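Structure first, then comments.
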Amino acid sequence: MNKIAGLFVVISSFMTAQQQMSLLDCEKAFQTNNLQLLAQQYNINMADADILQAKIWDLPQLSGQINAYNPEGKKVFDVGHAKGAQVTQLIHMGGKKKNEIAFAKSNKELAQLQFSQLLVDLKTQLHTTYYNLYFQKLKLENINKQLGYMKELLSAYKVQSAKGNVSLKDEVRLQSIVIQLNNDKVEINKNILDVEQNLKVLTGITEDIEPELSEAEAREILATQPIGDEEDLKRKALENNADYQYNMKLIDNSKLYAQWQKSLNVPDINVGAGWDQNGGTFRNEINLMVGIPLPLWKSNQGNVEKANYAIQQNQKNAEYQKLNLETKVQSLYRTWKNQYDQLAEIKATDLNNLDLVYNGMLNNFRKGNVSLIEFTDFMESYRQTALQIYDMKNDIIQSAEQLNQLVQTKIFY
């Protein structure tokens, strides 16, 4: 009785450690809890702070002087007869502030595009991980079903082999299949652990997640196809891909930076007013003060040239990104199409027939209508085919999600 109670405790604890979640549930948790996404958001906040900083003018400067020694009266710190004060303000010329603010605003747009691209990348990772877990679980279920029967059969053959009723060769043949199935199970369990770990990091949920996806929903997802041909998908990708838009925006950003650096060659003006008690021509005189550097050379010419080179560099990078994006879309579309067509050749009746033959082989082997060699050969073939079909379905969805990641607009209907 105690053993049964203990078993119920173990089962209940295992069940409570898992959460059944749809993909939409996982997305909501991801948007709320994903630490990478939350951290990246601060880059936009910091860009806002840079814009605020760019709008702030230099503080006015107050200075003053007092007499240190009066040689006529031979008096130290004769403050009562000699003192003065000045207030000056640096005035930026050449549109420096305007250019600095424009550059800071451009940096914020870049930060927003980086955030958008990270959101797409992580969301794609979430989708591919979720579907991968779903198919790994199906593979494990299938392997466990085969393993359960084969272990029972092997156990029975071991008894009969010990009695001399069946040959040791037959026992070893069954043992090899059980070993292979166990190896498959270990590998699948390892994959499940890796996928679950990734899913926990993405969603911020510490419990194991059980995909809430029906077979009908999976079939519907597999049946969806993209609207448009390769050229349409390339055009949409160039219009919507945040990473490519970032590289295009980087050209404008570098032009604004070059314009700002060029404006720094224009001398600034210091203007102010000063009061002097006795040191000037008049007593208590008020003076206007103006100061400007002599523009004998361009003091920021090196940074201007560097900024111009950055424009050319970013233009070349954008050209590379355009070519890279177009070729990736083309390659992924063709990969998806080949996988889709390959699975489409396998009809639903074929899959049903596979299960019918599997069940028929089990029944006929139990009745002695099928030899052990025929049975084990079929089981090995069935094991490989079942796993390959799950992998084919998984690969189609993975390719579709990666294509979505590049195009970044709804294309599958």
Side-chain angles (χ1 to χ4, degrees), residues 42-72 75-114 246 248-315:
Y42 288 109
N43 285 339
I44 299 175
N45 300 132
M46 287 188 284
D48 280 326
D50 287 338
I51 295 173
L52 176 63
Q53 185 63 37
K55 293 178 179 180
I56 299 175
W57 280 74
D58 295 323
L59 293 171
Q61 189 173 25
L62 173 66
S63 60
Q65 78 270 0
I66 59 173
N67 171 258
Y69 177 71
N70 181 352
E72 294 180 1
K75 185 177 180 182
V76 179
F77 295 118
D78 191 1
V79 180
H81 294 90
K83 52 184 175 289
Q86 299 86 35
V87 176
T88 58
Q89 174 67 55
L90 181 66
I91 305 297
H92 293 288
M93 306 299 292
K96 291 185 184 68
K97 272 295 171 187
K98 181 186 72 173
N99 293 334
E100 184 181 0
I101 293 169
F103 177 66
K105 288 181 177 179
S106 178
N107 283 340
K108 180 183 177 180
E109 292 175 355
L110 290 176
Q112 290 171 327
L113 287 170
Q114 283 181 316
Y246 174 88
M248 293 298 294
K249 189 66 185 177
L250 205 55
I251 299 174
D252 296 333
N253 179 265
S254 56
K255 288 179 179 178
L256 289 171
Y257 180 74
Q259 186 177 349
W260 179 29
Q261 292 302 310
K262 187 177 181 181
S263 67
L264 292 177
N265 279 319
V266 179
D268 294 329
I269 297 176
N270 257 309
V271 297
W275 166 75
D276 196 299
Q277 185 182 25
N278 268 325
T281 305
F282 313 103
R283 284 180 56 80
N284 294 318
E285 67 181 7
I286 303 295
N287 299 315
L288 174 66
M289 304 170 64
V290 178
I292 185 172
L294 298 177
L296 301 179
W297 55 81
K298 294 181 178 180
S299 60
N300 202 44
Q301 188 59 28
N303 287 333
V304 171
E305 289 189 15
K306 183 178 177 181
N308 287 330
Y309 287 132
I311 295 173
Q312 299 174 47
Q313 182 186 51
N314 290 328
Q315 287 172 336

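Nothing fancy with the numbering, it's 1 onward along the sequence. Everything quoted here is computed from the prediction, not taken from an experiment.
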For a quick test of reading the model, state the closest non-hydrogen atom pair linking Asn43 to Ala111 and the distance between them.
O-CB, 4.0 Å
Expected output: side-chain Ser106 to main-chain Ala102 donor-acceptor under 3.5 Å
no
Stepwise, does the side chain to side chain contact (heavy atoms under 4.5 Å, CB included) test hold for Ile91 with Gln89?
CA-CA 6 Å; Ile91 305 297; Gln89 174 67 55; 3.9 Å; yes
By side-chain hydrogen bond (donor to acceptor under 3.5 Å, both in side chains), which residues pair with Ser299, not counting sequence neighbours?
none
To the nearest 0.5 angstrom, please state how far the CG atom of Leu110 sits from the CG atom of Asn253.
4.5 Å
Test item: Lys249 side-chain N/O and Asn107 main-chain N/O as donor-acceptor pair under 3.5 Å:
no
Among residues two or more places apart or on two chains, list those pairs meeting side chain to side chain donor-acceptor pair (under 3.5 Å) that have a residue in residues 53-62.
Asp58-His92
Nearest 0.5 Å, please: how far is CG in Asp252 from CD1 in Ile311?
9.5 Å
Quick note, side chain to side chain donor-acceptor pair (under 3.5 Å) partners involving residues 283-298, not counting sequence neighbours, are Trp275-Asn284, Asn278-Arg283, Glu285-Asn287
Shortest non-hydrogen contact from Asn265 to Val304?
ND2-CG2, 3.7 Å
Is there a donor-acceptor pair under 3.5 Å between the side chain of Lys96 and the backbone N or O of Ser263?
yes
Minimum-distance pair of heavy atoms, taken over all atoms of Gln65 and Asp276:
NE2-OD2, 3.4 Å
So which atom in Met93 and which in Asp268 form the shortest heavy-atom distance, rounded to 0.1 Å?
N-OD1, 3.1 Å
Within the distance-only criterion (no hydrogens, no angle test), does the side chain of Asn300 pair as donor or acceptor with the backbone N or O of Gln261 below 3.5 angstrom?
yes
Side-chain donor/acceptor of Asn99 to backbone N/O of Gly95, under 3.5 Å:
yes
Separation between CH2 (Trp260) and CG (Asn303), nearest 0.5 Å, reads 10.0 Å
Rounded to the nearest 0.5 Å, how far apart are CG of Leu52 and CD1 of Ile101?
10.0 Å
Out of curiosity, Lys105 NZ to Asp48 CG, how far, rounded to the nearest 0.5 Å?
11.0 Å
Closest non-hydrogen atom pair, Ile44 against Lys108
CG2-CE, 4.1 Å
For the atom pair CE (Met248) and CD (Gln315), what is the distance rounded to the nearest 0.5 Å?
9.0 Å
Can you name the closest pair of heavy atoms from Ala68 and Val76 and give their distance?
O-CG1, 3.3 Å
